[in-house]
Amino acid sequence: MHVPDGFLSPRITLPAWGAAAPLLWWAARRNFGARAAESLPVVGSLTALAFVVQGLMIPVPGGTSAHLTGVALLAVLYNPGVAFVCESLVLALQALVLGAGGLTVLGVNALAMGLLGPGAAWLVYRGLRRLSGPAAAFAGAYAGTQVATLAVAAVLGLQHRLDPAFMPVPFPVVAAAMMAPSLTVLGIVEGLYTVATLAVLRRARLLGAP
Amino acid sequence: MALPEPRRSQAILAAWAASAFALSAVADLRVLGAAALAAAVLFRRGALREARRVALGVLPGALGLSVASWAWLRWLGRPAPPEPFAALVLRAALIAFVSLSVLRRVELVRALAPFPTASRLLALSLAQIHALRLLATESAMGLRSRLPRRPGTRDVLRSSGAVTATLIALSARNARDVADAMRARGFE
């Protein structure tokens with residue numbers, strides 16, 4: 001669901017970098033502390049966890065497969081700040097080590113997939129968890145996936161509005177291409193995965209899972 | 001005269017970042033074509049391999065979106081010229097090609113050597129990824145071996161939940177162990 005390099009011009013990517021970098025610094029300091037021996041191992045482990053979870057492929061009807069993001073789970077288990085730091089580092093690792101995703105669009109992707117998506121997932125989960133834990137987890141993960149996808153589609157639409165000669169793909173096409181799989185497959189898979197993981201954590205009494 | 005490491009890798013990374021942002025601002029098809037030619041000459045060693053990765057990883061999405069948009073605009077009665085779509089596809093493919101070619105020539109760990117926090121974080125993350133990925137791969141193989149058929153959506157989802165719970169427990173334990181080891185070596 002992330003934007004690859006070349007789809008957004010510096011008119012959007014540079015301000016996104018400018019917004020994401022201080023937010024990332026603040027979230028890392030607030031959630032992991034300033035001392036290296038305390039913060040680095042936890043950040044490294046959770047980033048690795050998010051990275052590996054994103055490699056888990058779920059076969060979906062139709063012969064294709066969907067990959068998880070796992071950021072809603074991090075937001076529910078810890079908080080959206082932790083999910084933002086870890087997802088941003090996962091995106092940076094993918095760009096710098098694997099050459100996947102993109103360097104110029106890192107700020108946009110981090111804000112959409114690392115901050116807005118997990119933030120929405122956390123808010124929905126917190127709002128619904130008194131009614132039913134599993135339903136709240138499913139709804140949170142589903143909503144988080146949709147919000148992240150919609151944010152990415154909106155940014156691509158904004159680029160089309162700013163300069164149609166640079167980004168000729170109009171918003172309705174981007175929105176349809178991204179939201180259709182997100183609404184019908186990716187959100188459901190992410191929701192079921194979040195519920196399944198929380199159920200195992202609760203049963204095994206690991207980490208005081210909600 | 002060639003620069004010594006880590007200056008060489010840092011210079012290449014800085015040039016890559018600057019060129020990626022510069023290319024991401026170009027909409028002119030002729031400029032993009034000239035840049036693609038220059039990149040093909042500059043990174044000719046291993047160019048076919050990187051071009052194949054770009055063709056598999058970037059082109060399907062960019063081409064699909066472009067064709068769908070072109071068809072949609074035509075259906076609306078507002079046919080668009082093909083040049084912006086060609087520029088979009090070429091720009092995305094070119095930046096991906098340059099990125100892959102540069103990253104194959106750079107020693108990332110060496111480039112980060114003057115920045116201890118960043119290099120420690122990179123080393124820790126990569127080591128943990130290796131450890132956790134081994135567990136995830138073995139779990140997937142275990143699931144396949146236990147079932148008489150190909151695992152379906154429900155099987156994999158249920159297994160992913162259990163695997164993730166184990167990964168979370170393992171990553172928490174690894175983080176504690178690494179923190180203890182760092183403190184024992186005098187890190188604050």
Side-chain angles (χ1 to χ4, degrees), chain A residues 4-10 13-14 35-38 40-49 51-53 55-56 58-61 68 70 73 77 89 93 95-97 99-100 102-104 163-170 172-174 177 189 192-193 195-197 199-201 204 206-207, chain B residues 16-17 20-21 23-25 27 57-58 61-62 64-66 68-69 72-73 80 84-85 88 91-92 94-96 99-100 103 108 117 120-121 124-126 128-129 131-133 136 151-153 156-158 160-165 167-169 171-172 174-176 178-179 182-183 187-188:
Chain A
D5 268 332
F7 278 63
L8 297 174
S9 72
T13 54
L14 287 177
R35 295 171 66 177
E38 282 172 9
L40 288 185
V42 182
V43 177
S45 295
L46 289 178
T47 301
L49 174 75
F51 192 97
V52 172
V53 163
L56 299 176
I58 309 290
V60 293
L68 300 162
L73 181 69
L77 275 179
L89 289 173
L93 277 179
L96 288 171
V97 178
L103 178 74
T104 63
D163 188 356
F166 181 90
M167 175 62 181
V169 184
V173 175
V174 175
V189 166
L192 291 174
Y193 161 78
V195 171
T197 305
V200 176
L201 285 170
L206 285 168
L207 294 173
Chain B
W16 166 54
F21 274 102
L23 286 173
S24 75
V58 177
L65 264 181
S66 296
S69 307
W72 189 74
L73 289 170
F85 295 105
L88 174 69
R91 188 169 54 238
L94 177 59
I95 297 176
S99 300
L100 291 170
L103 291 174
L108 193 58
T117 304
R120 278 180 206 131
L121 185 58
L124 276 172
S125 302
L126 292 180
Q128 298 291 328
I129 286 169
L132 298 184
R133 195 183 262 169
T153 308
V156 179
L157 266 176
R158 203 177 289 161
S160 299
V163 170
T164 307
L167 291 175
I168 288 172
S171 69
N174 286 350
R176 272 198 306 274
V178 173
M182 284 177 77
R183 272 192 220 100
F187 288 101
E188 276 299 320

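Letters A, B, ... mirror the listed sequences (proteins, then strands); counts begin at 1. No experiment lies behind these values; they were computed from the predicted model shown.
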Interface moiety of A:Ala177 toward chain B, non-hydrogen atoms closer than 4.5 Å: side chain
Contact class of B:Leu103 relative to chain A, heavy atoms under 4.5 angstrom: side chain
Nearest non-hydrogen partners of A:Phe166 and A:Phe7, listed with the distance: CE2-O, 3.7 Å
By a 4.5 Å heavy-atom criterion (distance strictly below it), what part of B:Leu100 contacts chain A: side chain, backbone, both, or neither? side chain
Pick whichever of B:Ser66, B:Pro84, B:Ala62 has the most heavy-atom pairs under 4.5 Å with chain A. B:Pro84
Which bit of B:Leu73 is near chain A, if near means a heavy-atom gap under 4.5 Å: side chain, backbone, both or neither? side chain
Turns out that what part of A:Leu8 lies under 4.5 Å from chain B's heavy atoms comes down to backbone
Relative to chain B, which of A:Val42, A:Leu96, A:Thr47 shows the most heavy atom pairs under 4.5 Å? A:Leu96
Residue part contacting chain A, namely of B:Leu108, when any heavy atom lies under 4.5 Å: side chain
For chain A, the option from B:Val58, B:Leu23, B:Leu124, B:Leu126 that forms the most heavy-atom pairs under 4.5 Å: B:Leu124
Measure distances from A:Ala199 to the heavy atoms of chain B and classify the residue's part below 4.5 Å as side chain, backbone, both or neither. neither
Would you mind checking which part of A:Phe51 comes under 4.5 Å of any heavy atom in chain B, side chain (CB onward), backbone (N, CA, C, O), both or neither? side chain
A:Gly70 to A:Tyr193 - nearest heavy-atom pair and separation: CA-CE2, 4.2 Å
Side chain, backbone, both or neither: which part of B:Ala131 has a heavy atom under 4.5 Å from chain A? neither
Which bit of B:Ala80 comes within less than 4.5 Å of chain A, counting heavy atoms only: side chain, backbone, both or neither? neither
Search all heavy atoms of B:Phe21 against all heavy atoms of A:Leu14 and return the closest pair with its distance. CE2-CD2, 3.6 Å
Return the minimal non-hydrogen interatomic distance between B:Ser69 and A:Val173, and the atom names on each side. OG-CG1, 3.4 Å
Picking from A:Pro168, A:Pro4, A:Ala196, which has the most non-hydrogen pairs under 4.5 angstrom with chain B? A:Pro168
Checked B:Val178, B:Thr164, B:Leu121, B:Val163 vs chain A; the most non-hydrogen pairs under 4.5 Å come from B:Thr164
Would you say that A:Leu103 contacts B:Ser99 through its side chain, given a criterion of any heavy-atom pair below 4.5 Å between the two side chains? no
Of all of B:Ser125, B:Ala136, B:Ala27, which one pairs up most often with chain A through heavy atoms under 4.5 Å apart? B:Ser125
Which bit of A:Pro10 comes within less than 4.5 Å of chain B, counting heavy atoms only: side chain, backbone, both or neither? both
Side chain, backbone, both or neither: which part of B:Ile95 has a heavy atom under 4.5 Å from chain A? side chain
Does A:Val53 form a side chain to side chain contact (heavy atoms under 4.5 Å, CB included) with A:Leu73? I'd like the steps, not just the answer. CA-CA 10 Å; A:Val53 163; A:Leu73 181 69; 5.8 Å; no
Measure distances from A:Val169 to the heavy atoms of chain B and classify the residue's part below 4.5 Å as side chain, backbone, both or neither. both
